[in-house]
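Contents: one structure, followed by commentary.
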Amino acid sequence: MLDSPVDLGALRLTSGAGAVLRVAAPAPSFTLGGNDYTSSPDPLEVRIEASRTVGEGWAFKLSFEADVAGPCTRCLAPATHHLEVVAREATRPGGGEELDSPYLEAEELDVEAWARDSALLTLPSSILCESDCPGLCGECGERLAELGPDHAHEKPPDPRWDALRRLSQ
């Protein structure tokens with residue numbers, strides 16, 4: 001298994017030729033909404049399909065699987081989410097901004113940065129401990145899943161009725 005960054009020049013591919021590489025990249029860590037998340041396994045085994053295109057360009061496909069662990073976004077209990085990441089990049093000198101990959105510089109492919117960015121784009125908007133997590137109680141802050149359906153708090157009296165209450169005392 002290769003390490004990131006990958007020296008594509010060492011592959012000596014000609015136009016139309018391709019190679020499949022296995023690259024070890026550090027598992028990314030994230031901070032989302034003030035919560036820290038880690039990925040496993042570490043290192044990630046990233047599969048890269050690299051193809052040489054006409055005009056000194058490249059086409060790439062990156063794929064890997066990882067588990068992301070951290071707090072549930074609703075109740076803060078431990079949560080995990082399985083990611084299946086597939087991303088593509090293409091680059092061609094003089095092809096404009098759309099054909100200029102930020103992960104390729106001087107025939108070196110930065111797999112670590114590409115894997116991190118691709119994992120971030122694959123994350124769901126909320127990482128939950130259970131798909132139906134009810135979250136936290138708005139009054140006491142306890143996990144609703146542990147409190148049960150009968151959990152309730154007595155509401156404080158409406159302050160607009162204070163004058164009437166004083167008359168009855």
Side-chain angles (χ1 to χ4, degrees), residues 1-6 20-50 59-91 97-98 100-105 108-169:
M1 196 164 12
L2 302 171
D3 289 325
S4 179
V6 175
V20 175
L21 311 168
R22 301 236 181 253
V23 180
S29 297
F30 312 101
T31 300
L32 300 170
N35 296 319
D36 295 328
Y37 295 91
T38 58
S39 303
S40 62
D42 191 15
L44 295 174
E45 182 179 325
V46 180
R47 183 175 194 264
I48 302 287
E49 296 174 30
F60 302 107
K61 179 182 175 186
L62 165 141
S63 57
F64 66 90
E65 294 186 22
D67 291 315
V68 175
C72 172
T73 55
R74 289 188 188 157
C75 72
L76 303 177
T80 59
H81 182 78
H82 183 74
L83 295 178
E84 293 181 12
V85 178
V86 176
R88 290 177 166 58
E89 282 285 318
T91 184
E97 188 176 312
E98 290 183 6
D100 185 21
S101 174
Y103 309 111
L104 182 66
E105 188 168 325
E108 272 197 358
L109 182 63
D110 188 351
V111 177
E112 180 180 346
W114 190 17
R116 179 195 63 239
D117 292 351
S118 298
L120 269 170
L121 291 172
T122 307
L123 284 174
S125 59
S126 297
I127 296 176
L128 303 175
C129 58
E130 299 290 334
S131 62
D132 60 347
C133 175
L136 300 174
C137 173
E139 293 289 321
C140 64
E142 296 294 320
R143 292 185 64 223
L144 289 172
E146 294 173 354
L147 296 174
D150 298 331
H151 178 72
H153 294 274
E154 188 175 315
K155 293 184 179 183
D158 189 331
R160 295 175 291 182
W161 293 99
D162 284 347
L164 186 60
R165 261 190 294 284
R166 283 192 298 269
L167 287 174
S168 65
Q169 292 176 349

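One is the number of the first residue; the rest follow in order along the sequence. Computed from a prediction, not measured in an experiment: that's the story for all the values here.
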ask   = Between atom CD of Glu65 and atom OG1 of Thr122, what is the distance when rounded to the nearest 0.5 Å?
value = 11.5 Å
key: Side-chain (Ser39) to main-chain (Ala27) donor-acceptor, under 3.5 angstrom   = no
task = Count the heavy atoms of every other residue, nucleotide or ligand shown that sit under 6.0 Å from CD of Glu130, and state whether that count exceeds 12.
result = no
remark   = Interatomic distance, OG1@Thr91 vs CD@Glu105, rounded to 0.5 Å, equals 11.0 Å
ask   = Quick one: OH on Tyr37 to CD1 on Ile127, what's the gap to the nearest 0.5 Å?
value = 5.0 Å
message = Working note: Ser126 + Arg74, criterion side chain to side chain contact (heavy atoms under 4.5 Å, CB included); need CA distance, chi angles, decisive distance, verdict.
response = CA-CA 8 Å; Ser126 297; Arg74 289 188 188 157; 5.7 Å; no
request  = Drop me the distance from Leu83's CG to Leu121's CG, to the nearest 0.5 angstrom.
outcome  = 11.0 Å
inquiry  = Set out, in order, the CA-CA distance, both residues' side-chain angles and the distance that settles side chain to side chain contact (heavy atoms under 4.5 Å, CB included) for His151 and Leu144, then state yes or no.
reply    = CA-CA 8 Å; His151 178 72; Leu144 289 172; 4.2 Å; yes
ask   = Which atom pair, heavy atoms only, marks the closest approach of Thr80 to Ala69?
value = CG2-CB, 3.9 Å
request  = Would you mind reporting whether Pro134 and Leu147 have side-chain heavy atoms less than 4.5 Å apart?
outcome  = no
request  = Go through the structure and list residues passing side chain to side chain donor-acceptor pair (under 3.5 Å) with Asn35, not counting sequence neighbours.
outcome  = none
task = Please name all residues satisfying salt bridge (charged side-chain N to carboxylate O under 4.0 Å, His left out) with Asp150, sequence neighbours left out, ordered by chain then number.
result = none
task = Kindly compute the distance separating CG (Asp162) from CZ (Arg160), expressed to the nearest 0.5 Å.
result = 11.0 Å
ask   = Any Lys/Arg nitrogen of Glu45 or Arg47 sitting under 4.0 Å from an Asp/Glu carboxylate oxygen of the other?
value = no
ask   = Do Ile48 and Val111 pass the side chain to side chain contact (heavy atoms under 4.5 Å, CB included) test, and can you show the C-alpha distance, the side-chain angles, and the key distance before you say yes or no?
value = CA-CA 9 Å; Ile48 302 287; Val111 177; 4.3 Å; yes
task = Decide yes or no for Val85 and Val46: does some side-chain heavy atom of the first lie under 4.5 Å from some side-chain heavy atom of the second?
result = no
key: Rounded distance [0.5 Å steps], SG in Cys129 versus CZ in Arg143   = 5.0 Å
task = Please assess Glu146 against Cys75 for the test side chain to side chain contact (heavy atoms under 4.5 Å, CB included), listing each intermediate value before the final yes or no.
result = CA-CA 11 Å; Glu146 294 173 354; Cys75 72; over 6 Å; no
remark   = Between Phe30 and Ala119, the two heavy atoms sitting closest are CZ-CB, 3.8 Å
query = Relative to the ring of Trp114, is the ring of Tyr103 parallel (under 30°), tilted (30 to 60°) or perpendicular (over 60°)?
reply = parallel
